[in-house]
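All values below come from the heavy atoms of this structure, side chains included, with hydrogens, waters and symmetry mates left out. All values derive from a computational prediction rather than experimental measurement.
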There are 2 protein chains.
Amino acid sequence: MLDPCRPDAFDRDFTLFYFAYRAFTGAADTALTEQGMGRAHHRILTFLAYSPGMSVGELCQALQLTKQAINGPLRKLGDEQLVRMTPGERDRRRKELHLTERGADLERKLHERQRALFAAALEEAGPEAAEGWRRILAPLAGRDWEAFTRSVEARRAEGKPQP
Amino acid sequence: MLDPCRPDAFDRDFTLFYFAYRAFTGAADTALTEQGMGRAHHRILTFLAYSPGMSVGELCQALQLTKQAINGPLRKLGDEQLVRMTPGERDRRRKELHLTERGADLERKLHERQRALFAAALEEAGPEAAEGWRRILAPLAGRDWEAFTRSVEARRAEGKPQP
DNA sequence: CGGTTTAGGTCAAGGTTGTTGACCCAAGTC
DNA sequence: GACTTGGGTCAACAACCTTGACCTAAACCG
């Protein structure tokens with residue numbers, strides 16, 4: 001099954017990956033540009049939608065950006081009432097970040113099309129398609145992804161008991 | 001099957017997408033940085049591996065970059081004997097771009113790990129995983145991808161008869 | 001308690017990477 | 001011969017991110 005010399009089929013997958021990612025982010029980016037925002041804002045919204053309650057530092061680590069780079073976009077999102085920042089209960093130095101109603105709405109709007117495309121692919125190709133996608137991407141994403149999801153679930157587990 | 005309000009499962013997929021893409025490009029980028037190259041060089045190699053014979057203009061369109069932005073990286077790749085540029089047969093204004101042996105070697109090295117991960121996922125999850133991956137990504141990639149693959153196949157069909 | 005570490009914010013300088021705009025040549029088209 | 005097109009080049013500029021230094025407030029610790 002494995003051609004050791006050159007499994008050329010993958011060349012196509014690599015360019016497909018590139019196109020898909022660019023379309024994925026590009027659509028949201030152009031929508032945001034009209035509101036004076038960009039890639040960074042998009043990413044923050046995406047991450048907070050999946051993982052509410054992150055701190056600034058965790059966000060920096062997840063996005064691999066410095067705090068200086070994050071500060072501008074994050075402040076703008078706060079000013080626009082899209083992200084709420086509350087001091088942590090146990091450690092008030094931490095800022096816990098959450099989407100506001102408006103922020104969640106915007107995130108939904110940004111990914112409306114992508115969700116629809118995902119859903120359509122599931123309808124057409126069945127849930128195995130989504131499973132296949134995850135089984136390919138997760139190994140590609142590697143340790144960073146594992147660490148990230150672990151931290152997300154830890155936060156979730158911790159938040160549930162005392163809401 | 002479709003929750004119209006918020007099919008929240010996809011939030012996770014979106015962050016996974018981000019991590020996977022970053023890991024995918026990041027690995028190659030760091031490898032290239034040591035040789036004074038970067039993202040753009042990586043993309044050019046990837047695209048030429050899948051689609052040999054592209055012209056400079058087609059490459060610009062595929063990568064959505066201006067000719068000024070492409071010129072530097074492309075020249076460097078030529079200087080390093082990684083890419084060969086030959087005037088087109090029918091239209092000598094066009095430059096037809098191909099990987100050299102060394103270029104193909106480098107591309108293989110850059111994607112070695114990704115190929116292995118793909119292959120491992122196929123071993124483990126079966127070919128449906130790769131099919132699922134493509135059935136999700138292709139709709140996401142949209143028209144640009146369709147147009148691109150069409151042009152690639154047209155070039156292939158044209159090149160075959162008279163090599 | 002007082003010293004040290006940690007989370008976060010801010011200012012400044014610098015680099016990389018891309019853009020637009022103008023101008024050029026050589027090769028094709030009419 | 002006039003015009004268009006593929007490609008190259010120079011220059012100015014903008015977006016974005018980096019490093020590095022310095023600051024506050026809160027937490028930790030002997």
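Residue A/Glu58 is out of contact with every strand shown, counting any heavy-atom pair closer than 4.0 Å. At the heavy-atom level, A/Arg75 lies under 4.0 Å from the strands shown only through sugar-phosphate atoms.
Nearest-nucleotide mapping onto DNA chain D: of A/Arg39 and B/Met85, the residue sitting toward the 5' end is B/Met85. When each of A/Arg92 and A/Leu65 is assigned the nucleotide of DNA chain D with its nearest heavy atom, A/Leu65 is the one assigned upstream, toward the 5' end.
Using a cutoff of 4.0 Å between basic side-chain nitrogens and carboxylate oxygens, A/Asp29 and A/Arg22 are not scored as salt-bridged. For the pair B/Asp105 and B/Arg102, the salt-bridge criterion is not met [side-chain N within less than 4.0 Å of a carboxylate O]. A salt bridge links B/Glu131 with B/Arg134: the closest approach of a Lys/Arg side-chain nitrogen to an acidic carboxylate oxygen falls below 4.0 angstrom. Using a cutoff of 4.0 Å between basic side-chain nitrogens and carboxylate oxygens, A/Glu80 and A/Lys76 are scored as salt-bridged.
Nucleotide D/dG6 holds its P atom 16 Å from the CG atom of B/Leu74, rounded to whole Å. The nearest whole Å value for the distance from the CG atom in A/Asn71 to the P atom in D/dC22 is 20 Å. Rounded to whole Å, the distance from CD1 on B/Ile44 to C1' on C/dT17 is 13 Å. With rounding to whole Å, A/His41 atom NE2 is found 13 Å from D/dA15 atom P. In this structure, A/Lys67 atom NZ and D/dT19 atom P are separated by 12 Å, rounded to whole Å. The CG-C1' distance, from B/Leu63 to C/dT19, rounds to 16 Å in whole Å. As a whole-Å value, the separation of A/Arg43 CZ from D/dA15 P is 17 Å. The distance between atom CD1 of B/Ile70 and atom P of D/dG8, rounded to the nearest whole Å, is 10 Å.
With hydrogens and angles ignored, no donor-acceptor pair closer than 3.5 Å exists between the side chain of B/Gln68 and the base of D/dG7.
Taking only side-chain nitrogens and oxygens, A/Thr66 comes nearer than 4.0 Å to OP1 or OP2 of D/dT18. Between B/Arg94 and D/dG7 there is no side-chain polar atom (N or O) within less than 4.0 angstrom of OP1 or OP2.
Closest to the side chain of B/Arg93, out of D/dG7, C/dA26, D/dT18, is C/dA26. With D/dT19, C/dG9, C/dG18 as the choices, the nucleotide that has an atom nearest any side-chain atom of A/Val56 turns out to be C/dG9. For A/Lys95, taking side-chain heavy atoms from C-beta onward, the closest of the listed nucleotides C/dG8, D/dC17, C/dG18 is C/dG8.
For the pairing with A/Ser51, the side chain to side chain donor-acceptor pair (under 3.5 Å) check across A/Glu58, A/Glu153, A/Arg155 returns one residue only, A/Arg155.
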